[in-house]
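The structure displayed is predicted, hence computed values, not measured ones.
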Amino acid sequence: MHVIWQNLPVILDGLRLTIQYAIVAIVLMVIIGLIAALMRLSRYSLLRWISSAYVEIFRSTPLLVQLFFIVLGLPAILPVNAWFGQLMYPILAAAFTLSLNEGAYVTEIVRAGILGVDRGQKEAAASIGMNGIQTMIHIVLPQAFERMIPPLVNQAAQTVKDTSLLAPVGIIELVYKGEIVIAATFESFKIWGLIAVLYFIIIFSVSKCASYLERRLQVDKR
């Protein structure tokens with residue numbers, strides 16, 4: 001336990017960074033997923049094609065490959081380090097790549113939620129003079145959101161776990177800090193065990209909050 005207590009501040013600093021990356025990625029993935037889902041349901045074929053291509057590309061390639069390509073590959077052909085700063089670009093690129101990857105899955109979650117709303121709701125909205133945008137904002141999305149809570153929470157938990165893939169591209173977070181401590185102490189079993197416990201606490205807390213929210217929405221609906 002002495003090794004754990006001695007290096008706990010370093011590990012907790014990595015946990016703080018992991019939580020920050022996860023929050024940014026979760027917010028962005030919902031925004032990206034919502035936009036891509038609406039594009040995929042659009043009547044314009046070009047928008048549907050762009051959204052479908054985005055979803056297929058990011059769902060059909062590993063996240064780690066995407067991170068290597070965008071974080072480490074793009075600087076070889078574009079002056080992105082000069083645009084954003086040599087220290088800032090890897091962080092921004094990694095967070096955005098994680099958001100794009102998770103957003104591809106959220107796109108399908110949102111699309112399924114929207115399609116799950118009864119068509120009669122849309123017809124009723126049209127009968128009282130609502131246009132398509134008003135119907136989507138005030139009628140469809142609020143009802144779809146209730147259906148989307150469980151899969152969105154699962155995707156948020158997956159996002160927290162996927163932040164561990166930022167370490168191989170040089171982004172400092174929980175796993176990266178753990179590797180530093182292990183290199184200095186050679187106590188891999190204890191440190192990896194502590195990291196696993198911290199991930200469990202975060203994801204378990206998110207799941208419990210989501211369960212409470214889901215129950216609350218069901219109660220309000222009744």
Side-chain angles (χ1 to χ4, degrees), residues 4 7-37 54-55 58-71 88 90-110 112-113 145-182 188-217:
I4 291 178
N7 294 281
L8 189 60
V10 178
I11 298 298
L12 291 180
D13 184 58
L15 178 63
R16 174 184 62 83
L17 293 171
T18 288
I19 293 174
Q20 290 177 353
Y21 295 144
I23 291 174
V24 171
I26 289 169
V27 172
L28 289 179
M29 80 177 188
V30 173
I31 296 173
I32 293 171
L34 177 60
I35 294 173
Y54 155 67
V55 171
F58 279 89
R59 290 182 62 181
S60 302
T61 55
L63 173 57
L64 188 58
V65 174
Q66 296 166 14
L67 286 167
F68 276 120
F69 176 76
I70 296 177
V71 177
M88 186 58 66
I91 297 175
L92 295 176
F96 190 59
T97 303
L98 181 61
S99 303
L100 286 173
N101 179 273
E102 306 297 339
Y105 295 91
V106 173
T107 298
E108 293 302 292
I109 294 173
V110 175
F145 177 72
E146 296 182 13
R147 296 178 171 87
M148 291 188 289
I149 288 178
L152 282 178
V153 171
N154 290 336
Q155 199 59 46
Q158 183 63 44
T159 302
V160 175
K161 290 185 285 186
D162 284 344
T163 57
S164 62
L165 294 176
L166 301 182
V169 293
I171 305 302
I172 300 175
E173 41 73 63
L174 182 56
V175 171
Y176 191 99
K177 290 284 190 177
E179 291 175 342
I180 292 175
V181 173
I182 291 171
S188 58
F189 179 80
K190 296 177 182 178
I191 301 303
W192 286 127
L194 174 60
I195 291 174
V197 169
L198 292 175
Y199 272 116
F200 173 81
I201 292 173
I202 297 173
I203 296 170
F204 183 77
S205 300
V206 170
S207 299
K208 284 299 180 182
C209 290
S211 298
Y212 169 77
L213 181 60
E214 186 178 4
R215 291 195 302 269
R216 185 62 181 267
L217 288 174

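Note on residues 189-206: no pairs pass side chain to side chain donor-acceptor pair (under 3.5 Å), not counting sequence neighbours. Within the structure, the salt bridge (Lys or Arg N to Asp or Glu O under 4.0 Å) test picks out no pair touching residues 204-213 (sequence neighbours left out). Applying the salt bridge (Lys or Arg N to Asp or Glu O under 4.0 Å) rule to pairs touching residues 90-103 yields nothing, sequence neighbours excluded. For residues 15-37, the pairs satisfying side chain to side chain donor-acceptor pair (under 3.5 Å) are D13-R16, with sequence neighbours left out. A salt bridge (Lys or Arg N to Asp or Glu O under 4.0 Å) check over residues 149-164, counting only residues at least two apart or in different chains, returns nothing.
Here the CG atom belonging to L17 is positioned 7.0 Å from the NZ atom belonging to K177, to the nearest 0.5 angstrom. Atom CD1 of I70 is separated from atom CG of L92 by 12.5 Å, given to the nearest 0.5 angstrom. For the atom pair CG (L28) and CZ (F96), the distance works out to 7.5 Å, reported to the nearest 0.5 Å. Interatomic distance, N101 CG to R59 CZ, rounded to the nearest 0.5 Å: 10.5 Å. Rounding to the nearest 0.5 angstrom, the gap separating the CG atom in L165 from the CD1 atom in I171 is 12.0 Å. Taken to the nearest 0.5 Å, the CD1 atom of I23 stands 12.0 Å off from the OG1 atom of T159.
Remark: L152 pairs with V106, I109, M148 by the side chain to side chain contact (heavy atoms under 4.5 Å, CB included) rule, at least two apart or across chains. Looking at residues two or more places apart in sequence or on another chain, you find no side chain to side chain donor-acceptor pair (under 3.5 Å) involving S164. Every side chain to side chain contact (heavy atoms under 4.5 Å, CB included) that A157 has, sequence neighbours left out, goes to I203. Qualifying ring pair (Phe, Tyr, Trp, His ring centres under 6.0 Å) partners for Y54, counting only residues two or more places apart in sequence or in other chains: F58. Under the ring pair (Phe, Tyr, Trp, His ring centres under 6.0 Å) criterion, F204 pairs with F200, sequence neighbours left out. The side chain to side chain contact (heavy atoms under 4.5 Å, CB included) test applied to A22 returns V160, T163, not counting sequence neighbours. The salt bridge (Lys or Arg N to Asp or Glu O under 4.0 Å) test applied to E179 returns no partner, not counting sequence neighbours.
Closest approach of A94 and L166 over heavy atoms only: CB-CD2, 3.8 Å. Between A167 and V175, the shortest heavy-atom contact is CB-CG1, 4.0 Å. Scanning all heavy atoms of the two residues, the minimum distance from A25 to S99 falls at CA-OG, 3.3 Å.
Listed for the Q66 side chain is a donor-acceptor partner under 3.5 Å among the backbone atoms of T61.
Residues L63 and L98 meet the side-chain proximity criterion, which asks for heavy atoms closer than 4.5 Å. Looking only at side-chain heavy atoms (C-beta outward), P168 and L67 stay at 4.5 Å or farther from each other. Side-chain contact check for P90 versus V169: every heavy-atom pair is 4.5 Å or farther apart. Under the 4.5 Å side-chain criterion, counting only non-hydrogen atoms from C-beta, I172 is not in contact with I91.
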*Under the side-chain contact (heavy atoms from CB on, under 4.5 Å) rule, what do L8 and L194 come out as? Steps first, then yes or no, please.*
CA-CA 9 Å; L8 189 60; L194 174 60; 4.1 Å; yes

*Output, in order, the C-alpha distance, side-chain angles, deciding distance and verdict of side-chain contact (heavy atoms from CB on, under 4.5 Å) for I35 and T107.*
CA-CA 8 Å; I35 294 173; T107 298; over 6 Å; no

